[in-house]
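One structure below.
In what follows, chains are A, B, ... by sequence order, proteins preceding strands, each numbered from 1.
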There are 2 protein chains.
Amino acid sequence: MAVTLADVATRAGVSAATVSRVLSGNYPVAGATRTRVLRAVEELQYVVNGPASALAAATSDLVGILVNDIADPFFGIIAGAVQSEMGEGPAGGTGGQKLAVVCNTGGSPESELTYLTHLQRQRAAAVVLTGGAVEDEEHGAAVAARLRRLAAGGTRIVLCGRPPLAPAAGEEGKGSPEGGAGDEPDEGDGIVTVAFDNRGGSRRLTEHLLSLGHRRIGYVAGPAHSTTTRHRLEGHRLALGEHSAGLLAQAEHFTVHGGDYDRSSGYDGALELLRRVPDLTAVVAANDTVALGICAALRDQGKHIPEDVSVAGFDDLPFSADASPALTTVRIPLHDAGARAGRLALGRETPPPGGVATVRVELMVRASTAVPAGRTD
Amino acid sequence: MAVTLADVATRAGVSAATVSRVLSGNYPVAGATRTRVLRAVEELQYVVNGPASALAAATSDLVGILVNDIADPFFGIIAGAVQSEMGEGPAGGTGGQKLAVVCNTGGSPESELTYLTHLQRQRAAAVVLTGGAVEDEEHGAAVAARLRRLAAGGTRIVLCGRPPLAPAAGEEGKGSPEGGAGDEPDEGDGIVTVAFDNRGGSRRLTEHLLSLGHRRIGYVAGPAHSTTTRHRLEGHRLALGEHSAGLLAQAEHFTVHGGDYDRSSGYDGALELLRRVPDLTAVVAANDTVALGICAALRDQGKHIPEDVSVAGFDDLPFSADASPALTTVRIPLHDAGARAGRLALGRETPPPGGVATVRVELMVRASTAVPAGRTD
DNA sequence: CTGTTAGCGCATTCAC
DNA sequence: GTGAATGCGCTAACAG
């Protein structure tokens, strides 16, 4: 690490400033000197000192991507897409390169805050937060506050698959001309969001089940206090309620609140559901992974899918189409969403009006859902 | 971002040095002043400037984790485990906190080098490289060289699931007392590796198939030029060769070299295999994901698993036990391996002798493999 | 086009 | 136990 800019300058017989200029590439330098400098860099195996550079320029090339579970392809796909948008800066050189890194919060709000602090320390160029947020007053406020500070400091903030920030406390009366609008996302802080239509997708999914003739539909929900969990559940109940008040009334009894978005939540949830409602004809899962756990449990109980019980997931992860039977689910264009978030983070795409873009989701009807056995029409 | 150490100092009525000291926590400071400083920090919402701090201290808290595919749980599990080892530094404060970040190379050697350069720029405290390496003379040498420079600069390097570095070129005659040992991993460069026994696991898996009575065993290999691919294939053929020369001779014909470690490689590979050897009784996959693709293809061809064809995977990812039928595979203790790599990266665990630790793998026999149909003993 | 001059914000000697 | 001074390595005005 000993070799510095000055060493290169000496070696090339130029000033440090010149070396800096050829390296950043954003300044005219004579071809001959450039070559000389580059050769010196090569010979000395010089590598820029990031901290020093960041300090002097007051900018960083770090872009953070926060995910709730790095072992979950849902986040992997988004993160990969975000990352794929970095790399090719407008200029050709190594200059505009961003270092996109993903930080695994494990869904813990504390960890989320810790990472945000770290990123703020590093003066990150941008940070992308993916996936549902924990619905906790205190932490929510803390995260929002930190995000606003980051944004104020010039860090671009993008929310992907996470609902927009609520307006800051005490913001409403603060000279806003339109008065107490109150519940609309505040603009102007520069925080942009790419939202998933969890509610709408979930609703369509349940409508599909209803239209097939299902009336006893179980629901294995995701982690408590997660925005995603809530939105999907709301969509489900919206569909139920639109069909009949009776269905909506029994919804709570047909819902089990699983733990994480993992296989065992589905497995255990399905068992519990079967205990409560032995003649269940369909189960909706918080997501595809949970759905697979549900399938396993049903099979272990001697139930056939979809003959005895229909099962549906959410997300349409790659493995869902290959499951047996292939899973009916709601496709979220995770890659597109992530790519867009990446472009937004780089300021390469103009933010949507209002700062919120909602990506469309699509119902994927496959083999795991069918007309319930009792139905003969 | 405007608020600096000096601001806090002024506010607290102390010198910048004192503020620095209470923040780093590694220096005696009077209780009263400490409280005063901390309050000022709080009031001003001060956050350390990472670059400045790193520059002055010549150290960084960045730890990089390189993965080949961030959407693959194989890497997610390892990365998550590595990350879980960071966070609780020896001291209590926010001082010893490391920022563990994962970088997605997509399996591309260029990208790998780019990330290593970035990490070197940032003077990363450590970098963990996970998963198989691409077997390419040139890139291998380039990566090795860069890793050695990083290590020389004080960055800890840990290889996890990747074979140890070959000795540096021209190193053999360079005053090494024991002369041209040549093909043993060079120690002394401080690069430590946690290796997976891919060869041994693969061998045991194929032995299992042979012992069941299978003789026409197809193999859908992983990406070409990957160390992992090669090692697993070698283990497979080792088992074949030990059983009979005939099996080994036809091995190449029974092997299809799929593309990536994904579902479609398995699907397409199985189809090709069936074309070549219609009366196949078993197929071994490069990994579990590929195995699932194989299962899908076989089902689409009207084959039953395991009655008509047995299928086996590798890695034992969480979903494998839930597949239907449950997948016979080789379990790699990914979490343990990652955790160990993390500890090694932090210097919290003493490196194994020789710098290489090999983690044991375990054959998991489940429902996807059975005695072939023709066999009646 | 290139060299010179100042800091960037902090950690760390030294003194006190 | 605390303050004052110095420099980490680089970039960004300025001159020339």
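Here SG of A:C160 is found 9.5 Å from CG of A:L344. Values are rounded to the nearest 0.5 Å. Rounding to the nearest 0.5 angstrom, the gap separating the CZ atom in B:F75 from the CD1 atom in B:I65 is 12.5 Å. Taken to the nearest 0.5 Å, the CZ atom of B:R148 stands 11.0 Å off from the CD1 atom of B:I157.
Panel note: side chain B:T4, backbone B:A6; a donor-acceptor pair is recorded below 3.5 Å. Between the A:T155 side chain and the A:A151 main chain, no donor and acceptor come within less than 3.5 Å of each other.
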Inset, instruction - Could you walk me through whether A:E112 and A:R162 pass the salt bridge (charged side-chain N to carboxylate O under 4.0 Å, His left out) test, one step at a time? - result: CA-CA 14 Å; A:E112 193 166 84; A:R162 164 187 289 243; 2.8 Å; yes
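Partners of B:R36 under the salt bridge (charged side-chain N to carboxylate O under 4.0 Å, His left out) rule, at least two apart in sequence or in another chain, do not exist in this structure.
Atom-to-atom, CZ of A:R121 to P of C:dC8 comes out at 21 Å; the value is rounded to the nearest Å. As a whole-Å value, the separation of B:Y46 OH from C:dG9 P is 10 Å. Following rounding to the nearest Å, A:L5 (CG) and C:dG7 (P) show an atom-to-atom distance of 20 Å.
With D:dT11, D:dC14, C:dC10 as the candidates, the nucleotide lying closest to the side chain of A:S20 is D:dT11.
Between the side chains of B:T18 and B:S15, at least one donor N or O sits under 3.5 Å from an acceptor N or O. Side chains of B:R146 and B:T117: a donor on one and an acceptor on the other come within 3.5 Å.
For B:T18, a side-chain nitrogen or oxygen approaches OP1 or OP2 of D:dG3 to under 4.0 Å. The side chain of A:T4 places no N or O atom within less than 4.0 Å of a non-bridging phosphate oxygen (OP1 or OP2) of D:dG9. The shortest distance between the side-chain N/O atoms of B:S15 and the OP1/OP2 oxygens of D:dG3 is below 4.0 Å.
Between B:A17 and B:N49, the one whose closest nucleotide on DNA chain C sits nearer the 5' end is B:N49. The 5' end of DNA chain D is approached more closely, in terms of each residue's nearest nucleotide, by B:G13 than by the other of B:L55 and B:G13.
Nucleic acid contact class of B:V14 (heavy atoms, under 4.0 Å, all strands): sugar-phosphate only.
Taken residue by residue, residues 25-36 of chain A places heavy atoms nearer than 4.0 Å to DNA chain C at A:Y27, A:P28, A:V29, A:A30, A:T33.
Comparing the helix axis at one end of the helix from C:dC1-D:dG16 to C:dC16-D:dG1 with that at the other, each defined from 5 consecutive pairs, gives an inter-axis angle of 30° (nearest 10°).
Counting distance only, with no hydrogens placed and no angle test, the side-chain atoms of B:R21 and the base atoms of D:dG3 include a donor-acceptor pair under 3.5 Å.
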